[in-house]
Amino acid sequence: SPALKFEVLAQCGRARAARMTLPHYVCETPMFMPVGTQGSVKGLTSQQLEELGCQVVLGNTYHLENRPGSELVAEMGGLHSFINWPRGMLTDSGGFQMVSLLHLADITEEGVTFQSPTDGRRMLLTPEHSIQVQNRLGADIIMALDDVVPSTAADDARFEEATHRTTRWIDRCIAAHGRPTEQNLFAIVQGGLDERLRDISLKGLVERDTPGYAVGGLAGGEDKRSFVKVVSQCTAGLPDGKPRYVMGIGYPLDIVICSALGADMYDSVYPTRTARFGVALVPEGMLKLKNAQFAADYRPLDEECGCMVCRRYTRAFLHPLAAKGLPFATNLISYHNIAYMMRLSRQIREAIKEQRYPEFVREYVARQFPAGDYPEWVVEGCRLAGIELSSSGSGGTAAADGTGGSAAVGSGGGVAAAAAAAAADGSRQGGAAADGAG
Amino acid sequence: MRRRQRAAAGGGGSGRRQAVAHLGGLAAGACIPLITAMFTVSYSDGDARSGELSTPSGAVSTPGLLVYTHRGGSMNLTPDLLEPLRAAGLQGLQLDALQFLNQPTPAVVQGGGGGRKFMALDGPGTVLVATGRDPAIYEYAGAMRQATNEWASVTTPTGAATVTPERYVEAVAALHPDVWVALSDDIPSDSRTDRAAKSVDRTAAWLAACLAAAAQQPGLAAAAAWAAVQGGQYLHERQRYAEAVAGQPGVSGYVLGGLGTGESPEQRQQIVQAVLQRLPAGAPRMLSSVGTPEEVLEAVAQGIDLFDTAYLLDVTNGGYALAFPLSPEADQAEQQAQQQPGAAAGAAAGAAAGTLQAAAGVAAGEAPADACGRDDSKLNLWALAYRTDKRPLLPGCTCFACANHTRAYVHHLLQTHEMTAQVLLEVHNTHHYLQFFREIRTAIAAGRFAAFRDWFLQRRQRWLVSEGGEQ
Ligand SMILES: [Zn+2]
Ligand SMILES: [Zn+2]
């Protein structure tokens, strides 16, 4: 593709480290991409994201088209210029948000019909329209409109229909794409949790030879064993020389496992969303800073982190501020959480390049589950990746916990549950932020 | 006319210049030389004066702004955004010691190395002033704060609490401030005479108790103690206290408390005048919780040196960017630019706003683009006029927000309730207000403060009767 160059620098088992050249930035994968839903990553400036080493930032097409509108963004010189972000950008198709946010969304062959949230009119989002809007926004990577079915929906016939329709729609997306030399259209593999359908989707899309591929329809609350199986099947079925993006993935452990299976790109609101609940990401899992145990804990959030926040502040300082959900504290924790995700991505890349990724995974998992009670899906994911986890007897009894970092330093399931809900929809940040502050 | 004078008003001890070196954390039990804040007046212009408050941590040029903090942090700014504001003149921070009574407790703060280190404010050059009042929380008559001779009932971030002078000093000491203000019985200006009299008596007793408690605190050995002057709206009560406290050993500065609680500008002026007459001329004087540009100019004209205020917080939370010109020259240039309809920026913005105003149901083509989104001193970034405005918040401003972002972006962030809007606005507003204080100091040093003040106040009048009048 004229707008994307993907060079695999190192392969370690199924995992790979690559250099991806985009029109605005040369990225290193595997990488985590923070989500700037409406043109900013909650509370952070574009310059802070640069400082933190972010390579690609996401924008949500549905939200940006609502406000300020893609025509205005185009008038302002495109999304890069509007938010003053010089590096890579990716926009989604808008379909996912529509289906997850608007109860009245209805999908037909023509597109997604929905009721306008502003004036109640019936509107139609077609593949052509989604691509036009994304062409106006001008991100380096744009996403095809796919027929999204929540992976937990039970109707087999519906999955079958969605799989085939997604393939039909990619042709319409390709035909509508007006800036193929400046923007890269990624196709999205669908097929729910069904191996046969995923296979059909893979074949159809690989034939279309798009510059990159995403694995869609996951991160929606499906059981994690099915999740790793689908990721494994899709990464195996996608071309080696093209980037593979698992959509909506933001739990650190998920990223470690997906990278073992050969995935390259991830995005989620999780690190910033969870910061608003007073949760800091650390190698052991997470710190629930609101917990009283941190009231006189003078350690930094993460003793191995060299970020601005960890260099200056202690858990004791942040504890009462996080408990109140003060913007100052939320911004600091968000900053650290993004720093953590960037460090994790870097460590993954280095371990792959140094041919020690299996060791890295073993250490990472052992740290999150010091008792050795590895969740079944982690064991399964590693098995699929050809990585042996030193099992400690209890390996068979799954912890049945869908969230990464269940070895949380704090306790209580409220935050984890909220975070799982957060990951399920990549967007509804405002409302939950208010909850988090309460 | 301008006259130069130098008056050191240290509270005793060795007030030598080399004492201004950064001390860092004070080791407990170490032999600490007694160093208190030194105040030097360099220029006087009428009653206005300009000088410097030197402390072990750094110096604040006066008239100066103590930037508001909430529980040890700025409202929205991470340290990397606060740090560059030093170049714009950020020298001092205000901390409300009452925010450190409970969460965190003084013991927690002390355990973390003291406030300076705990709050990561230990870089050289930042003067910390601990007060007993949060300028963002107004306590009007209805919610008048209760007090007995032993304690005051106060509002803290974790709810109401009672505080004695001893407990207050414990919280202050943990902060390791350069200057601290003794606990006072702070009452609103509409309090009755007997309440005001009681407030004065209590405040005097609490000052003595605070000073006694502070003598036991190694963390306060190098800090200057200031007294808050109370007395409500009653000039005789204000003066009674000012006379009693003027020249009291151990007290090296004064705060005018209880203001910003609903008194009229004339009342405030009278109170300030009555109190300042009775205080030593060479001592620093701070006005607490009052701080719009006009209020600052009036108070500076009367001889006030320092301000703590939540004004920037209000401006930022309202979605405003300060945009008043900083000098008569800049004002003139701006007026000329606006009178030329062909001026590039105005025309571009006007054209853009034309379509958007139409879209928003506003009759297009009648007012300049800015008129619907600004008053004499600030822009309302919520206004649709800024939807496609590619200019920085304030053209010519060198702050981080103006150097990197447009009005259109900030407008969009507000519209979508993105917190980055407040971050960018707080950077700009703090930067601009620090520049304003710098201009005030320059005007005093040049002996043209009265002209500066008249220009600023007339500018507002001019604006009210012209374009903004109908709003
Ligand atoms: Zn960190
Ligand atoms: Zn600015």
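Scope of the values below: all heavy atoms of this structure, side chains included, with no hydrogens, waters or symmetry mates. Below, chains carry the letters A, B, ... as their sequence lines are ordered, and counting in each starts from 1.
- The candidate from G112(B), G73(B), P79(B) with the greatest count of non-hydrogen atom pairs under 4.5 Å with chain A is P79(B).
- Contact tally against chain A (heavy-atom pairs below 4.5 Å) for A107(B), A421(B), A401(B), A408(B): the top residue is A408(B).
- Heavy-atom pairs under 4.5 Å with chain A were tallied for L77(B), V108(B), T406(B); the largest tally goes to V108(B).
- Chain B forms the most heavy-atom pairs under 4.5 Å with one residue out of N66(A), L44(A), T330(A), T314(A), and that residue is L44(A).
- Of the listed residues T45(A), V41(A), L332(A), the one with more heavy-atom pairs under 4.5 angstrom with chain B than any other is T45(A).
- Of the listed residues A120(B), P104(B), G72(B), the one with more heavy-atom pairs under 4.5 angstrom with chain A than any other is A120(B).
- Ranked by non-hydrogen atom pairs under 4.5 Å with chain A, the options H412(B), H70(B), H411(B), K117(B) are led by H412(B).
- With salt bridges taken as basic N to acidic carboxylate O contacts below 4.0 Å, one links D302(A) and R343(A).
- Your options are V423(B), T105(B), D80(B), and the one with the most heavy-atom pairs under 4.5 Å with chain A is D80(B).
- When heavy atoms are compared at a cutoff of 4.5 Å, A316(A) approaches chain B by way of both its backbone and its side chain.
- With respect to the salt-bridge test (charged N to carboxylate O, under 4.0 angstrom), the residues D122(B) and R116(B) do not qualify.
- Between T316(B) atom OG1 and Y311(B) atom OH the span is 9.5 Å, to the nearest 0.5 Å.
- When heavy atoms are compared at a cutoff of 4.5 Å, Y313(A) approaches chain B solely by way of its side chain, counted from C-beta outward.
- Looking at Q103(B) and T158(B), their side chains never bring a donor and an acceptor atom within 3.5 Å of each other.
- Between H432(B) and H428(B), the ring planes are parallel. Angles under 30° get that label, and only those over 60° would be called perpendicular.
- Heavy-atom distances place both the backbone and the side chain of M76(A) under 4.5 Å from chain B.
- Heavy atoms of Y298(A) lying under 4.5 Å from chain B belong exclusively to its side chain.
- The candidate from P327(A), A329(A), G43(A) with the greatest count of non-hydrogen atom pairs under 4.5 Å with chain B is G43(A).
- Between the T61(A) side chain and the G94(A) main chain, no donor and acceptor come within less than 3.5 Å of each other.
- When each of T430(B), L313(B), N317(B) is checked for a side chain to side chain contact (heavy atoms under 4.5 Å, CB included) with M75(B), only L313(B) meets the rule.
- Residues Q115(A) and R121(A) form no side-chain contact, since every pair of their non-hydrogen atoms from C-beta on lies 4.5 Å or further apart.
- Looking only at distances, no side-chain donor or acceptor of R299(A) sits under 3.5 Å from a matching main-chain atom of R315(A).
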